[in-house]
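FYI, the numbering just counts along the sequence from 1. As the structure lists them, so they are numbered: ligands from 1, and atoms in each ligand from 1. Since this is a predicted model, take the numbers as computed values, not measurements.
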Amino acid sequence: MTETVKQQHMADLIRQAVVIPVLTIERLEDAVPLAKALVAGGVRTLEVTLRTAVAAEAAKAVIAEVPEAIVGIGTILNGDDLARAEALGAKFGISPGATPELLKAAASSRLPFAPGIATASELMQALAYGFDVVKFFPAEQAGGIKALRALAGPFPNVRVCPTGGIGEANAATWLAEPNVLAVGGSWLCPAADIRAGNWAGITAMCAQAMKSLKSA
Ligand code: 3PG
């Protein structure tokens with residue numbers, strides 16, 4: 001894939017998602033039922049974060065057993081994590097940040113990838129390596145929609161997936177921004193519901209969110 005094709009592919013993946021749940025899976029046995037619950041609610045593009053001991057195994061299980069899910073790996077912090085994501089068969093990778101080491105590895109990898117940025121300098125660094133589709137993180141804490149609009153001045157062609165502090169109350173407002181492709185966050189997969197195995201509750205919440213966000 002050329003750099004431009006890879007970036008377009010990443011943009012398309014994110015745009016068609018509308019919402020990307022950021023999954024932190026503590027127990028391996030939760031992975032497949034959680035993914036099935038999300039998919040049943042119409043949320044198919046999932047970010048499995050590398051934040052727990054079972055994360056890679058969890059992603060592997062979801063990829064093998066929930067073919068309707070489009071599984072990406074999140075919390076990619078370095079080149080090793082990126083290689084791990086590729087080896088797992090992830091469809092895309094996402095990072096909260098944008099170090100030169102990671103950007104260099106991602107630029108030479110075939111995996112569609114979105115680095116994380118919160119400032120103009122971080123965004124310039126990402127752009128220097130060819131990444132114009134980025135995660136804006138932590139979106140609310142880093143200045144919210146006002147900050148995003150300010151960044152769109154000098155960087156009108158950058159497209160973002162904001163995450164951090166996004167939930168039912170503000171997802172539609174973020175999605176209405178012209179440079180926002182999709183929104184991400186953990187609100188559709190609350191830790192308490194995962195712990196309790198409240199899969200039906202997660203499905204209902206996803207279905208409701210997709211309905212209101214798609215019509216917004
Ligand atoms: C992320 O990595 O995108 C965040 O952990 C998601 O933030 P949230 O929990 O505030 O949705």
inquiry  = Just to check, does Gly165 reach to within less than 4.0 Å of ligand 1 when the distance is taken from its heavy atoms?
reply    = yes
request  = Measure across Ala105 and Gly79 and return the closest heavy-atom pair with its distance rounded to 0.1 Å.
outcome  = CB-CA, 4.0 Å
inquiry  = Using a plain distance cutoff, I'd like to know if Ser186 has any nitrogen or oxygen under 3.5 Å from a nitrogen or oxygen of ligand 1.
reply    = yes
message = Please find the pair of heavy atoms, one from Ile76 and one from Leu82, that lie closest to each other, and give the distance.
response = CG2-N, 3.7 Å
remark   = ligand 1 atoms nearer than 4.0 angstrom to some heavy atom of Thr163 are 1 (C), 3 (O)
task = Can you see which heavy atom on Pro100 is nearest to which on Gln125, and at what distance?
result = CD-NE2, 3.7 Å
inquiry  = For the 3.5 Å polar cut-off, considering only N or O atoms, please tell me whether Gln141 and ligand 1 meet it.
reply    = no
Pair Gln8-Asp12, side-chain hydrogen bond (donor to acceptor under 3.5 Å, both in side chains): steps then yes or no = CA-CA 6 Å; Gln8 194 49 48; Asp12 292 343; 3.0 Å; yes
N or O contact, Phe137 vs ligand 1, cut-off under 3.5 Å = no
key: Point-to-point distance, once rounded to the nearest 0.5 Å, from CD1 of Ile166 to OG of Ser186   = 10.5 Å
query = Counting from 1, what ligand 1 atoms have a heavy atom of Lys135 closer than 4.0 Å?
reply = 1 (C), 2 (O), 3 (O)
query = Would you say Glu140 contacts ligand 1, with heavy atoms under 4.0 Å as the rule?
reply = no
key: Numbering as shown, the atoms of ligand 1 that approach Gly185 to under 4.0 Å (heavy-atom distance)   = 11 (O)
message = Regarding ligand 1, does Glu47 bring an N or O atom to under 3.5 Å of one of the ligand's N or O atoms?
response = no
inquiry  = Heavy-atom contact check, 4.0 Å cutoff: does Gly164 meet ligand 1?
reply    = yes
request  = May I ask you to check whether over 12 heavy atoms, not counting those of Arg27, lie within 6.0 Å of atom CZ?
outcome  = yes
More than 12 heavy atoms from other groups under 6.0 Å of CD on Glu168 = no
inquiry  = Heavy-atom pairs closer than 4.0 Å: do any link ligand 1 to the side chain of Arg51, the backbone, both, or neither?
reply    = side chain
query = How far apart are the closest heavy atoms of Asn170 and Gly165, and which atoms are they?
reply = ND2-O, 3.1 Å
request  = Show which atoms of ligand 1 fall inside a sub-4.0 Å distance from at least one heavy-atom site of Val22.
outcome  = 1 (C), 2 (O), 3 (O)
